[in-house]
Amino acid sequence: MSTVLLHGFTGSSQAWGDALIDGLASAGGPPLLMDLPGHGRHTGETDPAQFTLSRVFDSIEEASARQPVDLVGYSMGGRLALAYAVAHPHRVRRLVLESASPGLADPVDRERRRAADAALAERIEGDGVEAFVDYWEELPLFESQAALPARVRETSRALRLQNHAGSLAASLRGLGTGSQPSYWDALPTLDVPMLLLVGAHDLKFTEIGRRMSVSAPRSRLEVVAGAGHAVHLERQDAWLYAVAGWLTE
């Protein structure tokens, strides 16, 4: 059984870090690392045709050799992992969704978010990657990361700075929350075991996780103390314990 990891927006397969990769390998075999469109080895892509769910789904199936798979996704990667599970539940054995959302149920909210994502995409293209990363790292969502060691923050920033402005903009336009469907209505009938992992400091996604756990009958919510949005970065020990345990049950 393969385990495929899907990173978040501005990240890459490198963002998981060697400690988590080695830990998962020791628990159940080496995970498969995937770069989402416009990220990592796909940095520089700007063609809108590449930033689609079908492209993501094809990449998952290519990585897993079209065999049943365990999917682990963080933030945007978690939403895309859920999308794949809804479309192909028979191909997913287990899900881990870290700080992820099923999208926006209200069409009005989706349109507002789509417009906000489009505006941010234009800002990235106009101001460049470094200015955007400065803005991104100051969002309240990532406030708890200020407590991380300087070397961890510097490594994370260096990876973000490897991104291409046009690729990030295209990712927001094609794969952003506003441009994607809502999966809230699919949760009650999704027959896939699902671990919902959130950080206690991330109040927004903790509440989303609680709502998801109520809707999805085969889900388990785990709230990690001392972590914010990026649990895998802020509490590697707790992340590895929870995820490895879930995947090897």
- prompt: So, do Leu221 and Met212 sit near enough that their side-chain heavy atoms are less than 4.5 Å apart?
  reply: no

field: Glu154 with Arg157: basic N within carboxylate O range, under 4.0 Å
entry: no

- prompt: Going by heavy atoms in the side chains, are Gln14 and Gln162 under 4.5 Å from each other?
  reply: yes

query: Got a second to check how far Ser75's OG is from Leu6's CG, nearest 0.5 Å?
result: 11.5 Å

Ser12 side chain to Leu159 backbone, donor-acceptor under 3.5 Å: no

- line: Partner of Glu45 under side-chain hydrogen bond (donor to acceptor under 3.5 Å, both in side chains), picked from Arg55, His164, His39, is Arg55

field: Shared hydrophobic cluster, Tyr135 / Ile124 (ILVMFWY, side-chain heavy atoms < 4.5 Å)
entry: yes

query: Does Leu141 share a hydrophobic cluster with Val198, counting links as ILVMFWY side-chain heavy atoms below 4.5 Å and allowing steps through other members?
result: yes

message: Quick check against the 3.5 Å criterion: does Ser156 have a side-chain atom that pairs as donor or acceptor with the backbone of Val152?
response: no

task: Enter the distance from Leu20:CG to Asp237:CG here, rounded to the nearest 0.5 Å.
output: 10.0 Å

query: How long is the span from the CZ atom in Arg218 to the CG atom in Leu187, to the nearest 0.5 Å?
result: 14.0 Å

message: Would Trp239 and Val224 count as a side-chain contact (heavy atoms from CB on, under 4.5 Å) here? Give the steps.
response: CA-CA 8 Å; Trp239 187 97; Val224 178; over 6 Å; no

- request: Compare every heavy atom of Ser99 with every heavy atom of Val231, then report the nearest pair and how far apart it is.
  value: CG2-OG, 4.4 Å

message: Taking CG in Asp185 as the centre, count heavy atoms belonging to other residues, nucleotides or ligands within less than 6.0 Å. Is the count above 12?
response: no

field: Contact summary for Leu36 and Met76, nearest pair of heavy atoms
entry: CD1-CE, 3.6 Å

task: Could you please spell out the steps behind the side chain to side chain donor-acceptor pair (under 3.5 Å) verdict for Arg160 and Thr10?
output: CA-CA 6 Å; Arg160 288 192 176 113; Thr10 77; 3.3 Å; yes

- request: Please confirm whether the backbone N or O of Leu148 pairs with a side-chain atom of Arg153, one donor and one acceptor, at under 3.5 Å?
  value: yes

Test item: Leu161 and Glu130 side chains (from C-beta on) under 4.5 Å apart, heavy atoms: yes

Validation row: Leu247, Val72 side chains within 4.5 angstrom (heavy atoms): yes

message: Please find the pair of heavy atoms, one from Ala170 and one from Thr46, that lie closest to each other, and give the distance.
response: CB-O, 4.0 Å

- prompt: Just how far is it from atom OG of Ser101 to atom CZ of Arg79, taken to the nearest 0.5 Å?
  reply: 7.5 Å

message: Please determine whether side-chain contact (heavy atoms from CB on, under 4.5 Å) holds for the pair Val192 and Arg94, giving the CA-CA distance in whole Å, both sets of side-chain angles, and the decisive distance to 0.1 Å.
response: CA-CA 6 Å; Val192 176; Arg94 283 180 176 261; 5.6 Å; no

query: If you look at every heavy atom in Pro37 and Leu175, which pair is closest and at what distance?
result: CG-CD1, 4.0 Å

- prompt: According to a 4.5 Å side-chain heavy-atom criterion applied to Ile, Leu, Val, Met, Phe, Trp and Tyr, with indirect links allowed, do Val69 and Val243 form part of one hydrophobic cluster?
  reply: yes

Sidechain-backbone polar pair: Ser215 side chain, Arg211 backbone, donor-acceptor under 3.5 Å: yes

message: If you compare all heavy atoms of Leu80 against all heavy atoms of Phe57, which two are closest, and at what distance to 0.1 Å?
response: O-CE2, 4.2 Å

- request: Would you confirm whether Trp16, through its side chain, and His232, through its main-chain N or O, come within 3.5 Å as a donor-acceptor pair?
  value: no

- line: Residues Leu53 and Pro181: closest non-hydrogen pair is CD1-CD, 4.4 Å

field: Ring geometry between Phe142 and Trp136 (parallel below 30°, tilted from 30 to 60°, perpendicular above 60°)
entry: tilted

message: For Ser144 and Glu234: C-alpha separation, side-chain torsions, deciding distance, then whether side chain to side chain donor-acceptor pair (under 3.5 Å) applies.
response: CA-CA 8 Å; Ser144 58; Glu234 300 173 55; 2.7 Å; yes

- prompt: So do Phe9 and Leu168 actually touch side chain to side chain, heavy atoms under 4.5 Å?
  reply: yes

- prompt: When you measure from the side chain of Gln180 to the backbone N and O of Gly176, does any donor-acceptor pair fall under 3.5 Å?
  reply: no

Ion pair check, Glu249 and Arg220, cut-off under 4.0 Å: yes

- prompt: Has the side chain of Ser167 got a donor or acceptor atom that lies under 3.5 Å from a matching backbone atom of Thr43?
  reply: no

- request: Mind telling me whether His88 and His90 have parallel, tilted or perpendicular rings, with 30° and 60° as the class edges?
  value: perpendicular

query: So how far is it from Glu207 CD to Leu203 CG, rounded to the nearest 0.5 Å?
result: 9.5 Å

query: Under a 4.0 Å N-O cut-off, is there an ion pair linking Asp70 with Arg93?
result: yes

message: Show, in sequence, the C-alpha distance, side-chain angles and deciding distance for Arg113 and Asp117, and conclude whether the salt bridge (Lys or Arg N to Asp or Glu O under 4.0 Å) test is met.
response: CA-CA 6 Å; Arg113 179 60 180 269; Asp117 286 346; 3.1 Å; yes

message: Walk me through whether Ser13 and Asp35 qualify under side chain to side chain donor-acceptor pair (under 3.5 Å).
response: CA-CA 5 Å; Ser13 55; Asp35 287 314; 3.1 Å; yes

message: Pair Ile21, Leu33 - check side-chain contact (heavy atoms from CB on, under 4.5 Å), show working.
response: CA-CA 9 Å; Ile21 302 306; Leu33 307 180; 3.4 Å; yes

message: Could you check whether any side-chain N or O of Trp184 sits under 3.5 Å from a backbone N or O of Gly103, counting only pairs where one atom can act as donor and the other as acceptor?
response: yes

Side-chain ion pair, Arg110 and Asp106, N-O less than 4.0 Å: no

Side-chain heavy atoms of Leu82 within contact of Leu97, under 4.5 Å: yes

query: For Glu111, does the CD atom have more than 12 heavy-atom neighbours from other residues, nucleotides or ligands under 6.0 Å away?
result: yes

- request: Apply side-chain contact (heavy atoms from CB on, under 4.5 Å) to Arg112 and Val108, showing your working.
  value: CA-CA 6 Å; Arg112 287 173 179 160; Val108 174; 3.7 Å; yes

field: Test item: Leu24 and Leu5 side chains (from C-beta on) under 4.5 Å apart, heavy atoms
entry: yes

- prompt: Does any N or O in the side chain of Glu98 come within less than 3.5 Å of the main-chain N or O of Tyr74, such that one atom is a donor and the other an acceptor?
  reply: no

Straight-line distance of Leu196 CG to Phe205 CZ, nearest 0.5 Å: 12.5 Å

- prompt: Does the pair Lys204/Asp202 count as a salt bridge with the N-to-O cut at 4.0 Å?
  reply: no

field: Linked, directly or transitively: Tyr241 and Met194 (ILVMFWY side chains, under 4.5 Å)
entry: no

Close side-chain approach of Ser182 to Leu104, heavy-atom, < 4.5 Å: no

message: What I want to find out is whether Glu125 reaches Arg173 closely enough, with some N-O distance under 4.0 Å, to be called a salt bridge.
response: yes

